[in-house]
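One structure is given below, encoded as structure tokens.
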2 protein chains.
Amino acid sequence: MEKDFLKKYGEAAHCPVRNVIDRIGDKWSVLVLMVLEEGNVLRFNEIWGSIQTISQKMLAVTLKTLEADGLVKRTVYPQIPPKVEYQLTERGKSLLPHLHGLVGWANENMGEIKESRELFGNISRN
Amino acid sequence: MEKDFLKKYGEAAHCPVRNVIDRIGDKWSVLVLMVLEEGNVLRFNEIWGSIQTISQKMLAVTLKTLEADGLVKRTVYPQIPPKVEYQLTERGKSLLPHLHGLVGWANENMGEIKESRELFGNISRN
DNA sequence: CAGTATCCAGAATGATACTG
DNA sequence: CAGTATCATTCTGGATACTG
């Protein structure tokens, strides 16, 4: 029996799933978005202090990507020393409920998932 | 003004955000989950045919990870040639609404996001 | 303070060939 | 059919040093 009703996925540019995962699947974007949600308006070093293990480079790269996507707004105050503030845009805010859905799911299921993984035996992805 | 009310994120093992992103942030997991949702019960090659650009190796690895996490159930029929069927578990099904939330958001916003990115100028993440 | 520039290690993914 | 094994490549992120 053929299953021709299945959609074809994976063609990169036009794949809606790829679009999402490419955007939030990196190591830090979701974390930065949630920190900004909590802090409202934050300076570079405030975000850096809140995400303990991120490197300065990756914070800069992540913020720039989020800004380019219009999820975060960057405001520069021309002073010395410089002051730069970051905050979510409306578009960025509209994404957050979905992220909370995911994190909520993770919190509810991580315990059992870890047990499953133990039973299955640790596997490598290579 | 200090912002000590900010939570501290990023400590890997105990970070709920890391837990989610590590699980669905890879290149293929979400795609495979959605194909299985649509197809209900599918054989290895049916999934492979539905995700055009995935390699055989990565499909095998992805399915094994999802199985280890208890999101997908694998059933082997001891025949020659072999027949193996994959389907979502209840846990796997419980994740999907959240993924649909994200994909829906992406579909609604991708147009504007692409425009933003053009205006901003293409940036590299390195 | 808020970044950049460089360089590098390791992880993730892909290509290809082979097998029970 | 449903994988595994191996090798090659690409991509990501971290360390460190430097700057307007």
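Residue numbering restarts at 1 for every chain, and letters A, B, ... go by the order of the sequence lines.
If you take CD of A:Glu85 and P of C:dC1, they are 15 Å apart, rounded to a whole angstrom. In this entry the distance linking CD1 of A:Ile80 with P of C:dG3 reads 14 Å, nearest Å. In this entry the distance linking CG of A:Asp26 with P of C:dA12 reads 14 Å, nearest Å. Distance B:Leu42 CG to D:dG3 P: 13 Å, rounded to the nearest Å. Atoms CD1 (A:Ile51) and P (D:dG14) sit 11 Å apart, rounded to a whole Å. Between A:Leu59 atom CG and C:dG3 atom C1' there is a gap of 10 Å when expressed in whole angstrom units. Rounded to whole Å, atom C1' of C:dG3 lies 10 Å from atom CG of A:Asn45. Atom-to-atom, CD of A:Gln52 to C1' of D:dG14 comes out at 17 Å; the value is rounded to the nearest Å.
Closest contact between the side chain of B:Lys27 and the listed nucleotides C:dA2, C:dT13, D:dG13 involves C:dT13. Among D:dG13, C:dG14, C:dG3, the nucleotide with an atom closest to any side-chain atom of B:Met58 is C:dG14. Comparing C:dG3, C:dC1, C:dT13 by their closest approach to the side chain of A:Ala60 singles out C:dG3.
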message = Show me the dot-bracket string of DNA chain D, counting Watson-Crick or G-U pairs under 3.5 Å, with | for pairs to another strand and [ ] for crossing ones.
response = ||||||||||||||||||||
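In terms of the side chain to side chain donor-acceptor pair (under 3.5 Å) criterion, residue partners of A:Ser94 (sequence neighbours excluded) are, by chain and number, B:Trp105. The salt bridge (Lys or Arg N to Asp or Glu O under 4.0 Å) search around B:Glu85 returns B:Lys83, not counting sequence neighbours. Legend: residues meeting salt bridge (Lys or Arg N to Asp or Glu O under 4.0 Å) with A:Arg43, ordered by chain and number and at least two apart, are absent. In this structure, the salt bridge (Lys or Arg N to Asp or Glu O under 4.0 Å) partners of A:Glu112, at least two apart in sequence or on a different chain, are B:Arg91.
Across the interface with DNA chain D, nearest-nucleotide mapping of A:Ile54 and B:Leu63 shows B:Leu63 to be the residue nearer the 5′ end.
A:Leu63 places a side-chain heavy atom less than 4.5 Å from the side chain of A:Phe44. Between A:Leu88 and A:Val72, the closest side-chain pair of non-hydrogen atoms falls below 4.5 Å.
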note = Once base and sugar-phosphate atoms are separated, protein heavy atoms under 4.0 Å mark nucleotides 15-20 of chain C, 5' to 3', with B, S and - as B-B--B
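B:Ile24 and A:Ile21 get closest at one heavy-atom pair: O-CD1, 3.8 Å. Here the closest non-hydrogen pair linking B:Cys15 and A:Leu31 is SG-CD1, 4.1 Å.
The pair B:Lys64-B:Glu67 does not count as a salt bridge, with every side-chain nitrogen at least 4.0 angstrom from each carboxylate oxygen.
Of the side-chain N and O atoms in B:Arg43, none sit less than 4.0 angstrom from OP1 or OP2 of D:dC1.
Within the nucleic acid shown, B:Tyr86 comes within 4.0 Å of sugar-phosphate atoms alone, with no base atom in reach, counting heavy atoms only.
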